[in-house]
Visitor: 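Below is the structure I would like to discuss, written out as structure tokens.
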Amino acid sequence: MAKPIPKVGSRRNGRSSARKSARRIPKGVIHVQASFNNTIVTVTDVRGRVISWSSAGTCGFKGTRRGTPFAAQTAAGNAIRAVVDQGMQRAEVMIKGPGLGRDAALRAIRRSGILLSFVRDVTPMPHNGCRPPKKRRV
């Protein structure tokens, strides 16, 4: 049985990866989602397309250690290292969630050398929306 001949201009020949590394992003948005169990840091361009992301779980932290400030600091450093190589100099920071990693992630972003235009807290707050679940009796 003969093997199919790959097309010359197909996407699997590495053409798309060469274009991805050549893209220069001067300004972006850094989203930090800090829950009690994990911290996820996503870096996007101004239009909202994801450039790089990292979380405490992908950095190798497992279990309850994912919610620690040190894990959030490591995740933020990993996400930002990739975009600094692509030429990002300015960024906006959006922080969401009540977790312990909020301040640690922001400290790691400030230390990376990217100029921050503003830091905004976008944690969703209900205006007395849904009824909360009943209190636990332990």
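Computed from a predicted structure; not experimentally measured.
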Visitor: Minimum heavy-atom separation for Glu92 and Lys27, please, with both atom names.
Guide: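 Shortest heavy-atom contact: OE2-NZ, 2.9 Å.
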
Visitor: Evaluate the side-chain proximity of Arg102 to Asp121: yes if any heavy-atom separation is below 4.5 Å, no if none is.
Guide: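 Of all side-chain heavy-atom pairs linking Arg102 with Asp121, at least one is under 4.5 Å.
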
Visitor: Hey, what do you get for NE2 (His31) to OG1 (Thr44), rounding to the nearest 0.5 Å?
Guide: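 Separation between the atoms: 3.5 Å.
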
Visitor: I need the Thr68 OG1 to Asn38 CG distance, nearest 0.5 Å.
Guide: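 Result: 9.5 Å between the selected atoms.
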
Visitor: Minimum heavy-atom separation for Asn78 and Cys59, please, with both atom names.
Guide: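 Smallest heavy-atom distance, with atoms named: ND2-SG, 3.1 Å.
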
Visitor: Testing the basics here: between Arg65 and Ala71, what is the closest heavy-atom pair and its distance to 0.1 Å?
Guide: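 Heavy atoms only, the tightest pair is O-CB, 3.4 Å.
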
Visitor: Give the C-alpha distance, both sets of side-chain angles, the deciding distance and a yes or no for side chain to side chain contact (heavy atoms under 4.5 Å, CB included) between Val43 and Gln86.
Guide: CA-CA 12 Å; Val43 184; Gln86 292 185 8; over 6 Å; no

Visitor: Evaluate side chain to side chain contact (heavy atoms under 4.5 Å, CB included) for Val83 paired with Ile25, printing each intermediate quantity in order.
Guide: CA-CA 8 Å; Val83 294; Ile25 300 115; over 6 Å; no

Visitor: What's the shortest heavy-atom distance between Arg66 and Phe61, and which atoms?
Guide: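 In terms of heavy atoms, the two residues are closest at CG-O, 3.2 Å.
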
Visitor: Work out which heavy atom in Val46 is nearest to a heavy atom in Val29; give both atom names and the distance.
Guide: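 For Val46 and Val29, the tightest heavy-atom pair comes out as CA-CG2, 4.5 Å.
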
Visitor: Within this structure, what is the CD1-OG1 distance for the pair Ile40 and Thr58, rounded to the nearest 0.5 Å?
Guide: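 Between Ile40 CD1 and Thr58 OG1, I get 9.0 Å after rounding to 0.5 Å.
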
Visitor: First locate atom CD of Gln33, then atom OG1 of Thr123, and finally report the distance between them rounded to the nearest 0.5 Å.
Guide: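 One gets 9.5 Å once the value is rounded to the nearest 0.5 Å.
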
Visitor: Mind checking the CG-CG spacing from Asn37 to Leu100? Nearest 0.5 Å is all I need.
Guide: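 CG of Leu100 is found 10.5 Å from CG of Asn37.
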
Visitor: Search all heavy atoms of Arg90 against all heavy atoms of Ser117 and return the closest pair with its distance.
Guide: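 That would be NH2-CB, 4.0 Å.
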
Visitor: Using 0.5 Å steps for rounding, measure from the OG1 atom of Thr39 to the NZ atom of Lys96.
Guide: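 Reported value, rounded in 0.5 Å steps: 14.0 Å.
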
Visitor: Would a hydrophobic clustering, with Ile, Leu, Val, Met, Phe, Trp and Tyr connected at side-chain separations under 4.5 Å, put Val122 with Val41?
Guide: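 No, no single cluster joins them.
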
Visitor: Mind running side chain to side chain contact (heavy atoms under 4.5 Å, CB included) on Ile109 and Val32 for me, showing each step along the way?
Guide: CA-CA 10 Å; Ile109 292 166; Val32 178; 4.0 Å; yes

